[in-house]
Amino acid sequence: MLTTMTNENDIAVDVCAFALPREYCDARRASDPAWKAPANRLLTDMDLRLVANPPMSQEIIACPGAAAAPTVAEADAANAGLKRMVSDDPEMFQGAIAAAPLKDIAQAVHVLRADVAASDSLLGVGLPAVFEGTPISDERFEPLFAAAEQVQRPVWLLAGKN
């Protein structure tokens with residue numbers, strides 16, 4: 001599995017690191033008041049993260065748990081937050097992996113065609129290998145792969161529990 005690469009300036013880039021935008025946290029709490037953000041401060045405290053990961057390396061970030069955000073609002077919040085984080089800290093973040101609301105395939109395709117294709121910060125979309133017990137290779141997800149190919153953006157398959 002590829003975990004690092006170098007950019008055009010020969011700076012090491014972690015291909016998939018996690019960060020937790022406050023916009024996503026707010027959206028998750030709105031849909032599930034019992035939800036608690038992970039305790040790892042490196043996910044939320046960018047000053048602390050900058051000390052831990054100085055600019056000799058950069059990261060392509062994804063929002064943990066948002067690869068298959070259950071609601072459109074949560075995916076939108078995650079993506080807005082990821083774009084903000086990339087623009088706020090370009091020395092730390094090379095770009096971000098967008099979230100897509102997989103319960104609404106048409107909206108997930110819209111995220112790819114409208115948000116990802118038009119963004120310098122959102123480099124592609126992250127999808128779980130299995131969503132609600134269904135492999136991402138199932139034909140119902142084919143429109144996502146077709147849209148990614150059409151806009152020429154990569155799909156990251158993210159392992160994890162969904």
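Predicted model, so just to flag it, every value in this text is computed and none were measured.
Put simply, CG on Leu144 and CZ on Phe131 are 10.5 Å apart, with the number rounded to the nearest 0.5 Å. Distance CZ/Arg28 to NZ/Lys36: 12.0 Å, rounded to 0.5 Å. Atom CG of Leu82 sits about 11.0 Å away from atom OG of Ser87, to the nearest 0.5 Å. Taken to the nearest 0.5 Å, the CG atom of Asp32 stands 10.5 Å off from the OG1 atom of Thr71. The distance from atom CD1 of Ile60 to atom CD of Gln94, rounded to the nearest 0.5 Å, is 5.5 Å. For the atom pair CG of Asp104 and CD of Gln107, the computed distance is 5.5 Å after rounding to the nearest 0.5 Å.
Nearest heavy atoms, Leu43 versus Arg49: CA-NH1, 4.0 Å. Nearest approach of Val125 to Ala99, heavy atoms of both residues: CG2-C, 4.4 Å. The minimum heavy-atom distance between Tyr24 and Ala78, with the atom names listed, is CD1-CB, 3.7 Å. Minimum interatomic distance between Gly126 and Ile97 (heavy atoms only, all atoms of both residues): N-CG2, 3.1 Å. For Pro128 against Ile136, the heavy-atom pair with the smallest separation is O-CB, 3.3 Å. Taking every heavy atom of both residues into account, Ala98 and Asn79 meet most closely at CA-OD1, 3.3 Å.
Judged as a side chain to side chain donor-acceptor pair (under 3.5 Å), the pairs with a partner in residues 134-159 (not counting sequence neighbours) are, in order, Arg113-Gln150.
Within a 6.0 Å sphere centred on CG of Asp88, heavy atoms belonging to other residues, nucleotides or ligands number more than 12.
Between Lys103 and Glu132, the closest side-chain pair of non-hydrogen atoms falls below 4.5 Å. When side chains are defined from C-beta on, Phe145 counts as touching Leu127, because their heavy atoms get closer than 4.5 Å.
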Run the side-chain contact (heavy atoms from CB on, under 4.5 Å) test on Asp120 and Lys83 for me, step by step, so that the C-alpha distance in whole Å, both residues' side-chain angles and the decisive distance to 0.1 Å come before the verdict.
CA-CA 9 Å; Asp120 291 332; Lys83 287 193 295 189; over 6 Å; no

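Think of Val51 as one node in a network of Ile, Leu, Val, Met, Phe, Trp and Tyr side chains linked at under 4.5 Å; it has no links at all.
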